[in-house]
4 protein chains.
Amino acid sequence: MTANDEKLSRREQRREDRRDEIKAAGVHIFAKHGYHAAKVSQIVKEVGVAQGTFYLYFEGKEPLFGEILNDFLAMVVGTIADWEPSDLDTREALRGDLTRVGLMLTDVLTENPEHTQIFFREALTVSKEFKEMIREFYETLGAMLSSFNAILFDRGLIARRNNRVLAYMTIGMVERVIQEYVVHGVLDDIPAREVVENLVLLYLEGTAPPAE
Amino acid sequence: MTANDEKLSRREQRREDRRDEIKAAGVHIFAKHGYHAAKVSQIVKEVGVAQGTFYLYFEGKEPLFGEILNDFLAMVVGTIADWEPSDLDTREALRGDLTRVGLMLTDVLTENPEHTQIFFREALTVSKEFKEMIREFYETLGAMLSSFNAILFDRGLIARRNNRVLAYMTIGMVERVIQEYVVHGVLDDIPAREVVENLVLLYLEGTAPPAE
Amino acid sequence: MTANDEKLSRREQRREDRRDEIKAAGVHIFAKHGYHAAKVSQIVKEVGVAQGTFYLYFEGKEPLFGEILNDFLAMVVGTIADWEPSDLDTREALRGDLTRVGLMLTDVLTENPEHTQIFFREALTVSKEFKEMIREFYETLGAMLSSFNAILFDRGLIARRNNRVLAYMTIGMVERVIQEYVVHGVLDDIPAREVVENLVLLYLEGTAPPAE
Amino acid sequence: MTANDEKLSRREQRREDRRDEIKAAGVHIFAKHGYHAAKVSQIVKEVGVAQGTFYLYFEGKEPLFGEILNDFLAMVVGTIADWEPSDLDTREALRGDLTRVGLMLTDVLTENPEHTQIFFREALTVSKEFKEMIREFYETLGAMLSSFNAILFDRGLIARRNNRVLAYMTIGMVERVIQEYVVHGVLDDIPAREVVENLVLLYLEGTAPPAE
DNA sequence: GATGAATGAGTATTCATTCAT
DNA sequence: CATGAATGAATACTCATTCAT
């Protein structure tokens, strides 16, 4: 690596840092005031740079929001993708896996409450484009969980249900609990593990296959 | 009733009709474009009246939104309030009751998909006031369901759970399924009864008390 | 007078009464809020008639203001016109005359404080037309008083002065004292006669011809 | 002073210049059309900037008016404050002082006829706030002149009068003459000195103490 | 005459974005 | 790279006036 490369790289690093600062301020302001009430002037003021500087790092207010939204989705998807399923040959194994992934998800969202808030509160109202992106996210998630349920049923691990309805029920119970826990603090006197276990329990008991 | 009264009453009737027309247009435009992108000019254009006429019937754009929101909440609350619980002495009775109220709710929301969409998509982003109103709605609902769960547990109808978590899980599964069913039409190839029965089933099986 | 005439006349009377009611309300509202902040809706509300009724009696808001303004000017001009000057052959006679007309003016304005307030506060800002009307009023008054001063000087009753400046000084001292006395109540602990005598005294002593 | 400071200061200078340009245009438009008929669009058009630019320098139309009004009052008060009274031990000294301050006032107002016009014509009709500010100005002035008269009487320089009435008479004669002279040009064929001397003469002769 | 619902022209203000320095 | 002054499009709301009933 030449001195030049190093310098360039240092410059790039600074550029990245500055971008991150602005994005962090964006997260903060969007969470505090909502997308529509948030002003670019508030964001730059929080960072301590001039109005024009914002546009050196982001194309505009909406693109910034888009990145923040993508960061959130990437975090969620990444967490689920990190999940290395066990053999899933018994309901006990399933319980373990679900609890584990649930706790991982709880962790990452608890660490990013503002992202979580922005996602649930604002994402649908910014633009048609984002609305459709979110819709696609939900439908993908719904389809994945439907397939997952179908597999579990095939393996005799869960009872016969309408797997699509079951998928969306699952999504719903998880997302509402997350909102109350992470964003509104309504359930935050309860240990995360207990919350997750209640979720897993309802799912598992609610789908217990009939005893032979 | 004198002729004068009649005239007055006819006038009042026309006034109500006009109000309703404008409100209906508001529902339509808000659902189509979202609160922030909706323009008063679009609403009056849809009704076919002048801009000023709008302000004869509503104080402004936000107050109109507020009424629409209240109408929705009143519909939901009214539906639940209409529920005359049976004795609730057996799980079978419970299943019947839950199915019945679930179907009633499904009915009223299916008939008002735009209100439903507005509630889930926009209500939180219009103003602090509405955000707090919605929050209160959720917390009241959460508290009611928590108590309900506690009663059911006392009667031996459901197993020991964290009743608050259970309450919010229930809210979540219902609201997500409603959104998919009513607003996005993702589940609308499935009969309403089946959807509701799946919801009730998950709740009931998921909370089945241990056999003696 | 036939019965028909009488009926007509009664109808005309009613019409006049209604007009006067509206005008009185106009005076009140204009004085309270000023011309620009005054709303026709406030005026009709005070009278207890419908919005449209206003336009059966007056051409509009500005014409109503015009009438009110003219009423005020007519009162002032009428008061001065009522003055039957004495011979004005001595300064004592002059003092008597000025005191008399001053008291008459004070009387009529004190009885119509809202008109007075409207004239001094609003008249110039309503329209070009009224501004010019007021200007003409002042210039006519100035010219009259200038001539009057010239006559008094010719008769040896007052000293040599710039008669036009003297005229406007006189107008100014009178109108400012009137405003404080009638509109703002700043001097209203002082008997009207004393106020007028102070005015006359300043004018007379301030223009006393040099002793021979 | 570093280059940076200089740059900053130059920027600040430009900012002030721009502000002054806009304010000057405001004075012009307000004087020409009156506050209520004046449009922000006219003001920015006169300066040759965009509509939004106006709001970089002033909070709005009314705040701009407020500054203009304050500038006027500051000029008047400043002129009077600049007056360094002589010993005021003889009526001749008093005459000199009054003439001097009168000329100074005439000067400053003649140089700012639009401000003068705005003050006398519009200031009372813009808002309650300004109305009260003006009222306070008059009452302060009235109180000051009353005290001044009391002092002069104590020193035997003027006769016994109602000092408050005398104060307001003085204010009135001065302000009316100023309006005619500065705003309407009615007296502007007369040298300023002569106008002022007539004012002083009426005051002094009108309050001459009785010869012993 | 009286009503009051309907009209629609008119305007101050905001704020994301640009660009000369 | 950074600045921040300038831009100007975009919109909710008011209220004097009209006119069908």
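Throughout, protein chains are lettered first and strands after them, A, B, ... in sequence-line order, and every chain is numbered starting at 1. On a predicted model such as this, the values are computed, not experimentally measured, just so you know.
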Trainee: Using the six-membered ring wherever Trp is involved, compare the ring planes of C:Phe72 and C:Phe120 and label them parallel, tilted or perpendicular (cut-offs 30° and 60°).
Mentor: perpendicular

Trainee: Which whole-number value in Å describes the distance from D:Glu59 CD to E:dA12 C1'?
Mentor: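 That distance rounds to 14 Å.
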
Trainee: D:Tyr57 side chain: which of E:dA6, E:dA2, F:dA5 is closest?
Mentor: F:dA5

Trainee: Whole angstrom is fine here: how far is it from CD in A:Glu16 over to P in F:dC1?
Mentor: 10 Å

Trainee: Using a 6.0 Å cut-off, check whether atom CD of D:Glu59 has over 12 heavy atoms from anything other than its own residue.
Mentor: no

Trainee: I'd like to know if the side chain of D:Arg121 and the backbone of C:Leu124 have a donor-acceptor N/O pair within less than 3.5 Å.
Mentor: no

Trainee: Under a 4.0 Å threshold between the charged nitrogen and the carboxylate oxygen, would D:Arg18 count as salt-bridged to D:Glu21?
Mentor: yes

Trainee: Heavy-atom nearest nucleotide on DNA chain E for A:Glu62 versus C:Val49: which residue maps closer to 5'?
Mentor: C:Val49

Trainee: Just the rounded figure in Å: distance from P of F:dA5 to CZ of D:Phe58.
Mentor: 14 Å

Trainee: Is the phosphate of F:dT14 approached by B:Tyr55 (side-chain N or O, under 4.0 Å from OP1 or OP2)?
Mentor: no

Trainee: Take the protein atom NZ of B:Lys61 and the nucleotide atom P of F:dC13, then report the distance between them rounded to whole Å.
Mentor: 8 Å

Trainee: Can you name the nearest heavy-atom pair linking C:Ala31 to C:Gln117, along with the distance?
Mentor: O-OE1, 2.7 Å

Trainee: Roughly how many Å is it from CG in D:Leu56 to C1' in E:dT13, rounded to a whole number?
Mentor: 12 Å

Trainee: Reckon D:Gly52 touches a base, only the sugar-phosphate, or nothing at all at heavy-atom distances under 4.0 Å?
Mentor: base

Trainee: Select base, sugar-phosphate, or nothing to describe what A:Arg15 touches, counting heavy atoms under 4.0 Å on all strands.
Mentor: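 Contact class for A:Arg15: sugar-phosphate only.
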
Trainee: Of the non-hydrogen atoms in C:Ile29 and C:Ala38, which two are nearest, and what is the gap between them?
Mentor: CG2-CB, 3.6 Å

Trainee: Round to the nearest Å and state the distance from B:Ile22 atom CD1 to E:dA5 atom C1'.
Mentor: 11 Å

Trainee: Take atom CG of D:Leu64 and atom P of E:dT13, then tell me their distance rounded to the nearest Å.
Mentor: 11 Å

Trainee: Counting only non-hydrogen atoms, which of residues 27-48 of chain A are less than 4.0 Å from DNA chain F?
Mentor: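 Residues of residues 27-48 of chain A that come under 4.0 Å of DNA chain F do not exist, since none gets that close.
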
Trainee: For the CD atom on D:Glu62, are there more than 12 heavy atoms of other groups (residues, nucleotides or ligands in this structure) within a distance under 6.0 Å?
Mentor: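 Yes - once you tally the heavy atoms of other residues, nucleotides and ligands closer than 6.0 Å, there are more than 12.
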
Trainee: When the nearest nucleotide of DNA chain E is assigned to D:Thr53 and to B:Thr53 on a heavy-atom basis, which residue is associated with the more 5' position?
Mentor: B:Thr53

Trainee: Using heavy atoms to find the nearest nucleotide of DNA chain F for C:Pro63 and D:Gln51 separately, return the residue whose nucleotide is more 5′.
Mentor: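 Per heavy-atom nearest nucleotide, the more 5' residue is D:Gln51.
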
Trainee: Examine F:dC1: is either OP1 or OP2 under 4.0 Å from a nitrogen or oxygen in the side chain of A:Arg18? Give yes or no.
Mentor: no

Trainee: How long is the span from the CD atom in D:Glu122 to the NE2 atom in D:His36, to the nearest 0.5 Å?
Mentor: 7.5 Å

Trainee: Grab the CZ-C1' distance between B:Arg14 and E:dT3 for me, whole Å please.
Mentor: 12 Å

Trainee: Taking ring-ring contact (aromatic ring centres under 6.0 Å, His included) as the definition, give me every residue that meets it alongside B:Phe30, ordered by chain and number, with sequence neighbours left out.
Mentor: B:Tyr35, B:Phe65

Trainee: Could you check whether C:Arg19 pairs with C:Glu12 (Lys NZ or Arg NE/NH1/NH2 to Asp/Glu carboxylate O, under 4.0 Å)?
Mentor: no

Trainee: For DNA chain E, which ranges pair as stems of 3 or more consecutive Watson-Crick or G-U pairs, with both donor-acceptor distances under 3.5 Å?
Mentor: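 Only these stems qualify: E:2-21 with F:2-21.
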
